[in-house]
Chemist: 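Mind having a look at this structure? Questions to follow.
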Amino acid sequence: MSTVPEMFASKVFDDKVMRTRLPEKTYNSLRRTIDSGSVLDQALANTIAKAMCDWAVENGATHFTHWFQPLTGITAEKHDSFINTAPDGRVIMELTGKELIKGEPDASSFPSGGLRATFEARGYTAWDPSSYAFIKGKTLCIPTAFCSYGGEALDKKTPLLRSMEALNRQALRILKLFGNTDVRRVTTNVGPEQEYFLVDREMYLKRKDLIYTGRTLFGAKPPKGQELEDHYFGAIKPRVQAYMEELNEELWKLGILAKTEHNEVAPAQHELAPIYATTNVATDHNQLTMEIMKKVARKHGLVCLLHEKPFAGVNGSGKHNNWSISDSEGNNLLNPGATPQDNAQFLVFLAAVLRAVHRHAPALRLGTVGAGNDHRLGANEAPPAILSVYLGDQLAGVLDALVSGGHAADSKSAVMEIGVSTLPPLPVDLSDRNRTSPFAFTGNKFEFRAVGSSQSVAPVNIALNAAVACALDDIATELEASTAAGTPLNTALQKLLPRLFKEHMPVVFNGNGYAASWQDEAARRGLPNDKDTVAALERYSEPAVMDVFLRCNILTEREMLSRQEILLENYAKTLCIEGRVMADMLRASVLPAGREAQRRAADTLLRTREALRGEPAGAEEEYFADLRAHLSALASGASALEAAVASVSATEGGALAKARSARDGILPAMKTCREHADALERMVDDSLWPLPKYAELLWTN
Ligand code: ADP
Ligand code: MG
């Protein structure tokens, strides 16, 4: 077997391959496009396509596809083979420059939220050279953006690239003010920590809820849950270990830097973290990682569940989006630095991030919406739906001191003078840092913790980049005006930064985000708390929310409204499916099992009464009555649930009305059904219960 460095990226048309296979001039030009986002010289496309095709065919590929990320949440691909006929009739394998650069998938069934009228149903895909092509199975996958013929974005990559460009533009203005004129480009980086569950495939196949909705819609609390906390970082079991080993290898071959793996808090829950990469690449890699995770699981008799809340009563799964900004000289701009000047620049970027989160929380919240994530956010395990920033006491102390013109709490130094005094050393990546904050500063990066495990990280990073770009724009504009008027930069900063920190301090919260009192405190501070997907999405069309995307040309109004509609539709559809699956399971297996139990209980009761010759049969009477009460409640609950689902389809007034109807009708009906079904599960003979139970699903891998 080959070593990891030999195996690594062996299926990727990466820099190393390009350098050896492309003529020097072509390589240099392509490299410039990748590094600086400049437009590719189209004349080079044929040369690149030929090299890519030859390499792919040598590595076993027969097909190619434009790989893209439509608004459905998964990735899409349509395969074409390389096969073609030469003028002399021979069969050749070929990829033309035109095929590399542009594709026209018959994509009329992808959601467009009304952006594409039927007469212009065909969108097109456009090659994104900044994310390397790779081979999956026998197919060369070419990462692409997906747009309508009018040029409107129908995917997640297009606005993500636009948001990175916007942040680049604004950050460069700040760096220029600090005299950093060598920097050519500023990028954002992301390291997404991915949580997931593994369950046995045989058991999975016995549960329609897992198959159709990705989560259990029923399931009584098992006798043992996560209370002993003996799973977190525990020894990994052999089957899971074998899974992780194969998963790592598959990811490495695709150039994904899979790095850390461990058991998570809940039983059967695990985490995989890669080494961070440029946001665009990290997003593509995370999509690919989720796909490979599911694929590899099958081979080990397992199923990988990426749903945010597969099991009630134990932790759900999230995705921690570690985010930083770096420049083309390799500097992390969120690193506080060692000199007063570095410190000052860091404080500007810090102020921008605080301003971004404070002013644009509803836009950031849009990166976390989804029916699945609603079961986590705000529940007592994941960050609340309120966006606040954790800075740690030390950094918060520095900012307080700056604002009040006083001394940092634990610092003996004189008044903090920007550009002159040095920040006290800040702890990097504290291990005991606050885990309840949705957005935590961890020494040289921010960790956004509210993304759901099944979600793409694109939306949250689009919003984050856009919001920070707007904040940097505000700051740069003010500083440029001051310095143009002759004010030295440090003087301008000493005036601006305390004002900004004061304005945005309400978004800083270092306390316990799970505490009920935080909800009240946040309300007092005026921080929004959009508790569910519908509440968050309703605000998508508010001018203040749209502004952050419009201002930096990241999304147009039409593009935003289409996204709002797609997400609302998706929410309503998800709930309708869950409602139907639950009703079906109730009618087809849970109610029949309950009735059989009731028949047996009646039998036992009659015989007991007979044996007791008229004496009251206390325990048997009680059991029978209880069982019967739950069964009848469940039967009427199932009908109510079906009615709730039907009334969503009947609701008029567009996507928002349907989504509200689903939230307010289906969710409570499902909750009622579940309570009675879970009670029944606890009362019914194991041999009668038709579904694998939580204990079996969670503890038997
Ligand atoms: P945790 O303690 O939260 O589990 P880890 O240290 O294991 O965090 O890693 C968190 C993730 O953060 C990893 O994917 C890592 O690559 C990423 N990361 C580290 N530094 C940066 C950075 N400067 N920018 C973005 N991501 C980063
Ligand atoms: Mg983390």
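No experiment lies behind these values; they were computed from the predicted model shown. Whatever order the structure lists ligands and atoms in, that order sets their numbers, starting from 1. In what follows, residues are counted from 1 in the order of the sequence shown.
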Chemist: Less than 4.0 angstrom from a charged side-chain N to a carboxylate O is my criterion; do Asp473 and Arg551 meet it?
Modeler: yes
Chemist: Would you mind running through ligand 1 and noting each atom that sits below 4.0 Å from a heavy atom of Glu447?
Modeler: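 Selected atoms, number and element: 3 (O).
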Chemist: What I want to find out is whether Lys309 reaches Asp374 closely enough, with some N-O distance under 4.0 Å, to be called a salt bridge.
Modeler: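 No, this pair does not count.
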Chemist: Would you kindly specify which portion of Glu193 sits under 4.0 Å from ligand 1, judged on non-hydrogen atoms: side chain, backbone, both or neither?
Modeler: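 The answer is the side chain.
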Chemist: Does even one non-hydrogen atom of Lys445 get within less than 4.0 Å of ligand 1?
Modeler: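 Lys445 counts as a contact of ligand 1 under the 4.0 Å cut-off.
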Chemist: Ligand 1 versus Thr442, non-hydrogen atoms closer than 4.0 Å: side chain, backbone, both, neither?
Modeler: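 Near ligand 1, Thr442 shows nothing, with every heavy atom at 4.0 Å or more.
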Chemist: Give the atoms of ligand 1, by number and element, whose distance to some non-hydrogen atom of Ser324 is under 4.0 Å.
Modeler: 22 (C), 23 (N), 24 (N), 25 (C)
Chemist: Within ligand 1, which atoms have a heavy atom of Gly191 less than 4.0 Å away?
Modeler: 14 (O), 26 (N)
Chemist: Output yes when a side-chain donor or acceptor of Gln69 lies under 3.5 Å from a complementary backbone atom of Asp155, and no otherwise.
Modeler: no
Chemist: Which of these, Val190, Asn322, Asn321, Thr278, has its nearest heavy atom closest to atom 17 (C) of ligand 1?
Modeler: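 Minimum heavy-atom distance to atom 17 (C) of ligand 1 goes to Asn322.
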Chemist: Suppose I only count heavy atoms of Ile275 and a 4.0 Å limit; which atoms of ligand 1 are within that range?
Modeler: 16 (O)
Chemist: Take atom CG of Asp393 as the centre, draw a 6.0 Å sphere, and report whether it contains more than 12 heavy atoms from other residues, nucleotides or ligands.
Modeler: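 Check fails, neighbour count at 12 or below.
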Chemist: Hey, which atoms in ligand 1 end up nearer than 4.0 Å to a heavy atom of Pro274?
Modeler: 13 (C), 14 (O), 15 (C), 16 (O)
Chemist: Do any nitrogen or oxygen atoms of Tyr276 lie less than 3.5 angstrom from nitrogen or oxygen atoms of ligand 1?
Modeler: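 The answer is yes, given that Tyr276 and ligand 1 share an N or O pair closer than 3.5 Å.
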Chemist: Using a strict 4.0 Å threshold on nitrogen-to-oxygen distance, state whether Glu165 and Arg185 make a salt bridge.
Modeler: yes
Chemist: I'd like to know if Glu521 and Arg525 make a salt bridge, using a cut-off of under 4.0 Å between side-chain N and carboxylate O.
Modeler: yes
Chemist: Run the salt-bridge test on Arg31 and Asp15 with the 4.0 Å N-O cut-off and return the result as yes or no.
Modeler: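 Result for this pair is yes, salt bridge flagged.
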Chemist: Among Lys299, Lys295, Gln241, find the one that has a side chain to side chain donor-acceptor pair (under 3.5 Å) with Glu246.
Modeler: Lys299
Chemist: Going by the atom numbers of ligand 1, which of them fall below 4.0 Å from some non-hydrogen atom of Asn332?
Modeler: 23 (N)
